[in-house]
A.B. asks: 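My questions will all concern the structure given below.
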Amino acid sequence: MSTQLTPILTKFWDHPTSWTLETYEANGGYQGLRKALQTEQADLVQMAKDSGLRGRGGAGFPTGLKWSFLPPPDGGPRYLVVNADEAEPGTCKDIPLLMAAPQFLIEGMIITSFAIGCNHAFIYLRGEVAHVHRRVQRAIAEAYAAGYLGKDILGTGFDLDITLHSGAGAYICGEETALLDSLEGRRGQPRLKPPFPAVAGLYARPTVVNNVESIASIAPIAAHGADWFADMGTEKSQGFGIFSLSGHVTRPGQYEAPLGITLRELLEMAGGIRNGRKLKFWTPGGSSTPLFTDQHLDVPLDFESVAAEGSMLGTRALQIFDETVSVVRAVSRWTDFYAHESCGKCTPCREGTFWLKQIMHRLEAGKGSQDDIDKLVDICDNILGRAFCALGDGATSPITSAVQYFREEFEAGMHTPASELFPPERSTLFAKETQPA
Amino acid sequence: MSAETHDPLHRYTPLQASDEPYTEEQLAGLRADAQTIIAKYPQKRSALLPLLHLIQSVDGYVTGRGVDLCAELLDLTRAEVSGVATFYTQYKRHPNGEYTVGVCTNTLCAIMGGDQIFDEVSEHLGIGHDETTPDGKITLERVECNAACDFAPVVMANWEFFDNQTPESTKQLVDDLRAGTPVAPTRGASRVCTFKQVSRMLAGFEDGLADEGVGAGPASIEGLKLAKERGWTAPGDQASAGDAGDSTGTTTEDTTSDPAPETGDEHSSAAQPGTDEEKDA
């Protein structure tokens, strides 16, 4: 029996006005909040733990555990900050969620804020998505008007304000401490940890930083219970998640499924690789997760199984590339990205990505030297684990995995340009040969 | 990135550009808006990013006088404000076109056609990355992943989504924008607003366009569509069998299905997300 999709957060995205409070409430919205407000705060934290929900922003840290790290209340403010800076290449789930059904996030934020004793929560939304800003602004305004935000929410005496904050174009701000610096009006550069945000986060106060999908998932968990969520997925990777298929598949898109589904199953659902072509390589969770190949079609897409195969589940951003694509060209472009987005704070990442980029450009142009592959691997070895934050590690993932699986293409980069071996026009969406008859 | 063909140091920087003072009217408006923004935060420095968007909504880029004003409003030095303004790519250091057209050339979009789109549009307009057409209408950019990979290749016009683009469609887009013909994004408001208008919205001021456009594009609901065709639901959902395949059936379905029961064993086999064999595999 193959795995089936479980539309929960995506359940009514096809409604003509899916983003309104009215549509959300007609689909059970704010039932979870009503239950949560009648529940002890500690029990809500326990609920999040029992559900098994792990962070949906890439790292997979248990959400309830993160909440429980906050020190006991001292009378001062505590903050919830939602990371809506979705920018990991390939990742495209939070942005459509916020465009189609932003109330999931708002309800999840109210429940979470109540659970952790927060009266002022923030959404850090990347700036490059105008219409998503409008939808979230409207969702917040509707929630205030309905009495879900503001003073004395639903007569419980609980107060909460939500501030929507616009980023301004910096991938690094998806890193939680860089995000906090940015939210404080600074350059978005990561902080030294410890102290962790739970102890000293926004304005040096106890702060929970969670991904959009994590917090959105709290709303249905509160409505249906921790067991409902925990019964989905695998033993250690519980619940559902949105799997984002992109690239050379027949029907790219968002597929919400229990964790543990395989790419083979998802590809079947998405109509397979386009025009009957062959799968060459793919990312399980964005460009910062080591590449997989057609050997990995049956790896259950849960945290443990993907890790056991040498990659990471990340954000479930499944970027699919067929055999027309040069892996050297793909990796070279990702390397450009990391070099561009490196914040410059630490030397291994700032200098290392700059070096990697030059070597990748040489190889892509067919002008690589004999020792370039070794040099790439050596530089990666010197960045991995030595950078200030995960951006540096991420920069090495595509390179080391591509060398592992496709070394011969890097060797070809010593004499033949990638564009000769793999003419780029064959890979495009609008390539003549891929047009339906 | 891709700076090889361009001087990486632009002639203008915030501290050199536009020292002409704001008019009394502009200043009064900016100060009033700034107070609205500052009031949203426990500490006023947090208002800096939205304030810089606000400056761009008036000046079209981050000007020297804008930097001065932010510094004054937030009790920062000009250097502190400039340091922030120059960190983020959405803050422009020189006059921006009325429309920023950003072609995603991160790996996936580039391979799906973004590289070809950028090259053809660049040639069509006669400008490169971060350059503006002489009429001041279009600033062309290569942009990084904009979280719409299932719609690749993607082009953003003033941060509105243009999905599944081709070189021809994007050339048409820039021609229409230059000619002043209203252009509707694939997913977004009914028309592309100007750079200044969008900057104001990003500063936190609603523009009343939230109800325009679709909730989700076709790719966003591929999984949902398939689930309905195959009668798959999440545990606890009481989607009646008759709803399967009805693409707009949520309204009728949901009036009866909530609040969803929490009882453990649901009747429908379709409600089981995965089997134990798979979990143990």
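Chain A is the first sequence line, chain B the second, and so forth, proteins listed ahead of strands; every chain is numbered from 1.
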A.B. asks: Could you state the interatomic distance from CH2 (A:Trp13) to CD1 (B:Ile221), rounded to the nearest 0.5 Å?
C.D. replies: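 Output value for this atom pair is 10.0 Å.
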A.B. asks: Of the backbone (N, CA, C, O) and the side chain (C-beta and beyond), which part of B:Ala189 lies under 4.5 Å from a heavy atom of chain A, both, or neither?
C.D. replies: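 Contact with chain A is through both the backbone and side chain of B:Ala189.
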A.B. asks: Give, for atom NZ of B:Lys225 and atom OH of A:Tyr255, the distance between the pair rounded to the nearest 0.5 Å.
C.D. replies: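 So the NZ of B:Lys225 and the OH of A:Tyr255 are separated by 8.5 Å.
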A.B. asks: OG1/A:Thr3 to CH2/B:Trp232 distance, rounded to the nearest 0.5 angstrom?
C.D. replies: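 Rounded to the nearest 0.5 Å, the OG1-CH2 separation comes out at 8.5 Å.
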A.B. asks: Which atoms of B:Pro42 come close to chain A, meaning under 4.5 Å heavy atom to heavy atom: side chain ones, backbone ones, both, or neither?
C.D. replies: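 It is both, since atoms from each part get that close.
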A.B. asks: How about B:Tyr41 and A:His165: does a side-chain donor come under 3.5 Å of a side-chain acceptor?
C.D. replies: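 Yes.
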A.B. asks: Under 4.0 Å between a side-chain nitrogen and a carboxylate oxygen: does that hold for B:Arg230 and A:Glu268?
C.D. replies: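 Yes, B:Arg230 and A:Glu268 are salt-bridged.
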A.B. asks: In terms of heavy-atom proximity below 4.5 Å to chain A, should B:Ala110 be classed as side chain, backbone, both, or neither?
C.D. replies: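 Both parts, heavy atoms under 4.5 Å.
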A.B. asks: Output the distance between atom CD (A:Gln319) and atom SG (B:Cys149), rounded to the nearest 0.5 Å.
C.D. replies: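 Result: 6.0 Å between the selected atoms.
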A.B. asks: For B:Ala210, does its backbone N or O pair with a side-chain atom of A:Arg138 as donor and acceptor, under 3.5 Å?
C.D. replies: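 Such a contact is absent between A:Arg138 side chain and B:Ala210 backbone.
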A.B. asks: Does the distance from a Lys or Arg side-chain N to an Asp or Glu carboxylate O, for A:Arg329 and B:Asp115, drop under 4.0 Å?
C.D. replies: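 Looking at A:Arg329 and B:Asp115, the cut-off is met.
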A.B. asks: So do the side chains of B:Arg187 and A:Met99 get within less than 4.5 Å of each other, counting heavy atoms only?
C.D. replies: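 The answer is yes; the side chains approach within 4.5 Å.
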A.B. asks: Supply the atom-to-atom distance B:Leu49 CG to A:Arg186 CZ, rounded to the nearest 0.5 angstrom.
C.D. replies: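 So the CG of B:Leu49 and the CZ of A:Arg186 are separated by 12.0 Å.
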A.B. asks: Counting only heavy atoms closer than 4.5 Å, note whether B:Ile111 contacts chain A via side chain, backbone, both or neither.
C.D. replies: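 Looking at B:Ile111, backbone and side chain both touch chain A.
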A.B. asks: Using a strict 4.0 Å threshold on nitrogen-to-oxygen distance, state whether A:Lys11 and B:Asp237 make a salt bridge.
C.D. replies: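 Yes, this pair counts.
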A.B. asks: Given a strict heavy-atom distance threshold of 4.5 Å, which part of A:Tyr171 is in contact with chain B: side chain, backbone, both, or neither?
C.D. replies: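 Neither part, no heavy atoms under 4.5 Å.
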A.B. asks: Do side-chain atoms of B:His53 reach the backbone of A:Gly167 as a donor and acceptor pair under 3.5 angstrom?
C.D. replies: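 Flag set: sc B:His53 to bb A:Gly167 pair under 3.5 Å.
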A.B. asks: Quick one: pull up CD in A:Gln137 and CG in B:Leu209 and give me the separation to the nearest 0.5 Å.
C.D. replies: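 Output value for this atom pair is 10.0 Å.
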A.B. asks: Determine whether A:Asp14 and B:Lys228 satisfy the following criterion, salt bridge (charged side-chain N to carboxylate O under 4.0 Å, His left out), listing intermediate values before the conclusion.
C.D. replies: CA-CA 11 Å; A:Asp14 57 353; B:Lys228 286 188 171 185; 2.8 Å; yes
A.B. asks: Grab the two heavy atoms, one from B:Phe87 and one from A:Gln189, that are nearest each other, plus how far apart they are.
C.D. replies: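 Scanning both residues, the minimum pair turns out to be CE1-CG, 4.1 Å.
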A.B. asks: Shortest non-hydrogen contact from B:Pro153 to A:Phe430?
C.D. replies: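 For B:Pro153 and A:Phe430, the tightest heavy-atom pair comes out as CG-CE2, 4.2 Å.
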A.B. asks: Is there a side-chain contact between A:His340 and B:Thr89 (heavy atoms, below 4.5 Å)?
C.D. replies: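 Answer yes - side chains close enough.
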A.B. asks: Count the heavy atoms belonging to other residues, nucleotides or ligands that lie under 6.0 Å from CD of B:Glu168, then report whether that count exceeds 12.
C.D. replies: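 Yes, the 6.0 Å shell around CD holds more than 12 heavy atoms from other groups.
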A.B. asks: Ignoring hydrogens, what is the shortest heavy-atom contact between B:Gly223 and A:Leu5? Give both atom names and the distance.
C.D. replies: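 Nearest pair, atom of B:Gly223 first, then A:Leu5: O-CD1, 3.4 Å.
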A.B. asks: Pick one of side chain, backbone, both or neither for B:Met112, based on which atoms fall under 4.5 Å of a heavy atom in chain A.
C.D. replies: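 When you check distances to chain A, atoms from both the backbone and side chain of B:Met112 fall under 4.5 Å.
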A.B. asks: Considering only heavy atoms, which portion of B:Gln116 lies under 4.5 Å from any heavy atom of chain A: side chain, backbone, both, or neither?
C.D. replies: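 The side chain, not the backbone.
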A.B. asks: Could B:Asp211 and A:Arg134 be called an ion pair, given the rule that one side-chain N must be under 4.0 Å from one carboxylate O?
C.D. replies: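 No, no charged N to carboxylate O under 4.0 Å.
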A.B. asks: Where on A:Phe321 is there a heavy atom nearer than 4.5 Å to chain B: the side chain, the backbone, both, or neither?
C.D. replies: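 The side chain, not the backbone.
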A.B. asks: Hey, are the side chains of B:Asn146 and A:Arg126 touching, using non-hydrogen atoms and a 4.5 Å cut-off?
C.D. replies: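 Counting from C-beta outward, B:Asn146 and A:Arg126 do come under 4.5 Å.
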A.B. asks: For the side chain of A:Ser166 and the backbone of B:Ala203, is there at least one donor-acceptor N/O pair under 3.5 Å apart?
C.D. replies: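 Checked: no pair found.
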A.B. asks: Would a 4.5 Å heavy-atom cut-off, applied to side chains only, mark A:Cys92 and B:Phe151 as touching?
C.D. replies: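 No - every pair of side-chain heavy atoms lies 4.5 Å or more apart.
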